[in-house]
Amino acid sequence: QVQLVESGGGLVQPGGSLRLSCAASGRTFNTYPMGWFRQTPGKEREFVAAIRWIGGSTYYADSVKGRFTISRDGTKNTMYLQMNSLKPEDTAVYYCAAAQQRVAGPLNRYEKFDYWGQGTQVTVSS
């Protein structure tokens with residue numbers, strides 16, 4: 001049974017930075033993709049970034065490209081999201097996700113992931 005725990009959220013001013021972490025437990029084989037999604041009240045869950053564990057290919061939503069960086073540490077079984085140049089529009093609950101099987105094609109769809117963390121709040125405000 002895979003469990004995902006997010007951390008690193010908080011309150012930051014526009015233009016500031018935060019680094020989110022997602023610690024995974026119960027993941028025996030580090031072979032399948034992981035990703036970050038975000039959600040605000042009344043809106044659909046939105047893709048942010050994803051990474052293929054084997055090979056390390058990364059994918060980003062257009063809204064965060066050039067500002068956010070996704071990475072993983074196989075030794076620690078942890079995924080990160082470095083968020084720079086934060087905007088008020090980035091305010092949301094950020095969720096860590098992991099797949100339990102091989103995933104073909106794009107990774108920007110929530111239904112392609114099987115395990116989810118409880119989320120961490122990111123608030124960007126002056």
Side-chain angles (χ1 to χ4, degrees):
Q1 185 74 24
V2 174
Q3 295 186 10
L4 307 174
V5 180
E6 304 97 334
S7 62
L11 175 64
V12 64
Q13 293 185 333
S17 299
L18 286 173
R19 189 179 76 157
L20 305 184
S21 298
C22 174
S25 63
R27 200 183 191 209
T28 304
F29 301 99
N30 295 336
T31 58
Y32 302 129
M34 295 183 67
W36 292 95
F37 291 75
R38 65 188 182 186
Q39 189 169 28
T40 56
K43 297 183 65 177
E44 296 182 351
R45 188 163 297 187
E46 177 188 21
F47 169 76
V48 177
I51 187 167
R52 293 192 179 275
W53 209 259
I54 302 300
S57 298
T58 58
Y59 309 86
Y60 298 94
D62 289 341
S63 59
V64 306
K65 193 172 298 182
R67 300 187 298 121
F68 292 9
T69 302
I70 189 172
S71 61
R72 86 266 199 258
D73 186 329
T75 301
K76 298 180 179 179
N77 207 21
T78 300
M79 179 179 64
Y80 305 95
L81 184 68
Q82 178 66 46
M83 306 186 295
N84 298 327
S85 301
L86 283 162
K87 305 175 181 179
E89 308 93 89
D90 296 318
T91 296
V93 176
Y94 284 70
Y95 295 93
C96 172
Q100 66 174 1
Q101 60 187 327
R102 298 172 66 179
V103 178
L107 299 176
N108 63 342
R109 296 165 59 183
Y110 72 88
E111 62 267 25
K112 292 190 175 183
F113 296 88
D114 305 289
Y115 300 97
W116 296 86
Q118 294 301 305
T120 184
Q121 177 71 48
V122 172
T123 302
V124 184
S125 177
S126 59

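The residues of the chain are indexed from 1 along the displayed sequence. Quick note: numbers below take in every heavy atom, side chains included, and nothing from hydrogens, waters or symmetry partners.
In this structure, CG in Leu81 is found 12.0 Å from CE in Met34, a value given to the nearest 0.5 Å. Atom OH of Tyr94 and atom CD of Gln39 lie 12.5 Å apart (nearest 0.5 Å). Separating the CD atom in Gln82 from the CG atom in Leu20 is a distance of 9.0 Å, to the nearest 0.5 Å.
Applying the ring pair (Phe, Tyr, Trp, His ring centres under 6.0 Å) criterion to Phe113, with sequence neighbours excluded, gives Phe37. Legend: residues meeting side chain to side chain contact (heavy atoms under 4.5 Å, CB included) with Ser7, ordered by chain and number and at least two apart, are Ser21. Taking the side chain to side chain contact (heavy atoms under 4.5 Å, CB included) definition, one finds that Val12 meets it with Leu18, Leu86, Val124, sequence neighbours left out. Residues forming a salt bridge (charged side-chain N to carboxylate O under 4.0 Å, His left out) with Glu89 (at least two apart in sequence, or on another chain): none. Scored by the salt bridge (charged side-chain N to carboxylate O under 4.0 Å, His left out) test, Arg67 finds Asp90 as partners (sequence neighbours excluded).
In terms of hydrophobic clustering, with Ile, Leu, Val, Met, Phe, Trp and Tyr side chains grouped at heavy-atom distances under 4.5 Å, Val48 and Val93 are assigned to different clusters. Taking hydrophobic clusters as Ile, Leu, Val, Met, Phe, Trp and Tyr residues chained together by side-chain heavy-atom distances below 4.5 Å, Trp53 shares a cluster with Leu4. Leu107 and Tyr32 are members of different hydrophobic clusters when ILVMFWY side chains are connected at heavy-atom separations under 4.5 Å. Under a hydrophobic clustering in which Ile, Leu, Val, Met, Phe, Trp and Tyr are joined whenever their side-chain heavy atoms come within less than 4.5 Å, directly or via other members, Phe47 and Tyr110 fall into the same cluster. In the hydrophobic clustering of ILVMFWY residues, with side-chain heavy atoms under 4.5 Å counting as a link, Phe68 and Val122 come out together.
Contact annotation: the side chain of Glu46 approaches that of Ser63 to within less than 4.5 Å [non-hydrogen atoms, C-beta and beyond]. Put simply, the side chain of Trp36 does not reach to within 4.5 Å of the side chain of Met83, judged on heavy atoms. Val2 is not listed as a side-chain neighbour of Asp114, based on a closest heavy-atom distance of 4.5 Å or more. Side-chain atoms of Tyr80 and Ile51, non-hydrogen and from C-beta on, never get closer than 4.5 Å to each other.
The heavy-atom pair separating Ser85 from Ser17 by the smallest distance is N-OG, 4.3 Å. Minimum heavy-atom separation, Arg72 to Gly56: NH2-N, 3.7 Å. Heavy-atom minimum distance, Gln121 versus Thr123: NE2-OG1, 3.4 Å. Shown here for Gly35 and Met79, the closest heavy-atom pair between the two residues is O-CE, 3.3 Å.
Asn77 places a side-chain N or O within 3.5 Å of a backbone atom of Ala24 that can act as its donor or acceptor partner. Thr120 places a side-chain N or O within donor-acceptor distance of the main-chain N or O of Gly9, the cut-off being under 3.5 Å. A donor-acceptor pair is defined here as one N or O able to donate and one able to accept, closer than 3.5 Å; no such pair exists between the side chain of Tyr59 and the backbone of Arg52. Of the possible polar contacts, one joining the Glu6 side chain to the Gln118 backbone as a donor-acceptor pair under 3.5 Å is found.
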Which atom pairs, one a donor and one an acceptor, fall under 3.5 Å between side chains of residues 96-106 and the rest of the protein, sequence neighbours left out?
{"from": "Gln100", "atom 1": "OE1", "to": "Tyr115", "atom 2": "OH", "distance (Å)": "2.9"}

